[in-house]
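To keep things clear, I will list the structure first and then write my remarks on it.
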Amino acid sequence: MKELFLPLTKEDIDNLKMGELAYLSGTIYSARDNTHSKLIELINKAELLPFTLSGAAIYYMGPTPAREGVVCGSAGPTTSSRMDRYTPALLEKGLKVMIGKGNRSAEVKQSIKDNHAIYFSTIGGAGAYLADKIKRMKCVAFPELGPEAIYQLEVEMFPVIVSYK
């Protein structure tokens, strides 16, 4: 399996094949439905986003509270199609990598191609295993949303499968 370092380059994406397994290391941001809605509101108001979308990676996940001595509680992926209505707008603003589980709409698949981005699936039902791959976690926006806040995650050897590019 390949190990890739975030942010991914155009060449990194070009060299990946559908169905290929890889490990990601670097910075990703967690975001779920409510967070996506808030990001779109900020974009529509031409306000600053809490992180730079250009080249960014978003993981569709909301962590459970961490036990003492660990960085993150369970960190399994949520169903990606719930973010489909927001995804093309984020891709047009520079988002490059999405991580989740499940299928994407035809519109999102086309937007992924048009914006030279990539969608990775990761392992559903393995939240404890995936949480172990998160080495640091910090809330960067919308703390009032609890687990749906945006968290900056530093991951090492985070397992993914190329699903659409």
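All figures in this text were calculated on a predicted structure; none of them were measured in a lab.
A distance of 9.0 Å separates OG1 in T35 from CE in M83, rounded to the nearest 0.5 Å. Rounded to the nearest 0.5 angstrom, S30 OG and I99 CD1 are separated by 11.0 Å. Rounding to the nearest 0.5 angstrom, the gap separating the CG atom in N34 from the CG atom in L39 is 11.0 Å. Taken to the nearest 0.5 Å, the CZ atom of F142 stands 15.5 Å off from the CZ atom of R32. For the atom pair OG (S81) and CG (N103), the distance works out to 8.0 Å, reported to the nearest 0.5 Å. Note: L24 CG to L4 CG = 6.0 Å, rounded to the nearest 0.5 Å.
F5 meets the side chain to side chain contact (heavy atoms under 4.5 Å, CB included) test with E3, S25; sequence neighbours excluded. Judged as a side chain to side chain donor-acceptor pair (under 3.5 Å), and not counting sequence neighbours, the contacts of Q110 are D114. By the side chain to side chain contact (heavy atoms under 4.5 Å, CB included) test, P88 is found to be paired with E107, V108, S111, residues two or more places apart in sequence or in another chain being considered. Under the side chain to side chain donor-acceptor pair (under 3.5 Å) criterion, K10 pairs with D14, not counting sequence neighbours. Residues satisfying the side chain to side chain contact (heavy atoms under 4.5 Å, CB included) test with E20, not counting sequence neighbours, are K2, L16, K17, V162. Applying the ring pair (Phe, Tyr, Trp, His ring centres under 6.0 Å) criterion to Y60, with sequence neighbours excluded, gives H36. Looking at residues two or more places apart in sequence or on another chain, you find a side chain to side chain contact (heavy atoms under 4.5 Å, CB included) between T9 and E11, D12. Every residue two or more places apart in sequence or in another chain that forms a side chain to side chain donor-acceptor pair (under 3.5 Å) with T78 is listed here: R82. In this structure K38 satisfies the salt bridge (Lys or Arg N to Asp or Glu O under 4.0 Å) test together with E144, sequence neighbours excluded. When the ring pair (Phe, Tyr, Trp, His ring centres under 6.0 Å) test is applied to Y59, the partners found at least two apart in sequence or on another chain are F158.
With a 6.0 Å radius and a threshold of 12 heavy atoms from other residues, nucleotides or ligands, K93 has its NZ atom at or below the threshold. Taking a 6.0 Å sphere around CZ of F51, one finds it holds more than 12 heavy atoms contributed by other residues, nucleotides or ligands.
A donor-acceptor contact under 3.5 angstrom links the side chains of R104 and T87, judged on distance only.
Sequence neighbours left out, the pairs with a member in residues 109-138 that pass ring-ring contact (aromatic ring centres under 6.0 Å, His included) are Y119-Y164. Sorted by first and then second residue, the side-chain hydrogen bond (donor to acceptor under 3.5 Å, both in side chains) pairs with a member in residues 63-73 form an empty list; sequence neighbours excluded.
V160 and L21 are not part of a single hydrophobic cluster, where members link through side-chain heavy atoms under 4.5 Å apart. Taken together through direct or relayed side-chain contacts under 4.5 Å among Ile, Leu, Val, Met, Phe, Trp and Tyr, L91 and L42 form part of one hydrophobic cluster. In terms of hydrophobic clustering, with Ile, Leu, Val, Met, Phe, Trp and Tyr side chains grouped at heavy-atom distances under 4.5 Å, M18 and L8 are assigned to a common cluster. Under the 4.5 Å side-chain contact rule for hydrophobic residues, M157 and L130 do not share a cluster. When hydrophobic clusters are built by joining Ile, Leu, Val, Met, Phe, Trp and Tyr residues whose side-chain heavy atoms come closer than 4.5 Å, directly or via intermediates, L6 is grouped together with V140.
Here the side chains of K133 and P159 are in contact, with some heavy-atom distance below 4.5 Å. By the 4.5 Å heavy-atom criterion applied to side chains, L49 and I43 are counted as neighbours. Two residues are said to be in side-chain contact when any heavy atoms from C-beta on lie closer than 4.5 Å; I28 and I134 fail this criterion. Contact check for I40 versus L90: side-chain heavy atoms found under the 4.5 Å cut-off. Here the side chains of I118 and S163 are not in contact, with every heavy-atom distance at 4.5 Å or above. Contact annotation: the side chain of I161 never approaches that of T122 to less than 4.5 Å [non-hydrogen atoms, C-beta and beyond]. Using a 4.5 Å heavy-atom threshold, the side chains of I112 and M98 count as touching. In this structure, the side chains of T27 and L153 stay at 4.5 Å or more apart for every pair of heavy atoms.
Pairing each heavy atom of P143 with each of A149, the nearest pair is CA-CB, 4.0 Å. Taking every heavy atom of both residues into account, P50 and A141 meet most closely at CB-CB, 3.3 Å. Counting all heavy atoms, side chain and backbone alike, P147 lies closest to P63 at CB-O, 3.3 Å.
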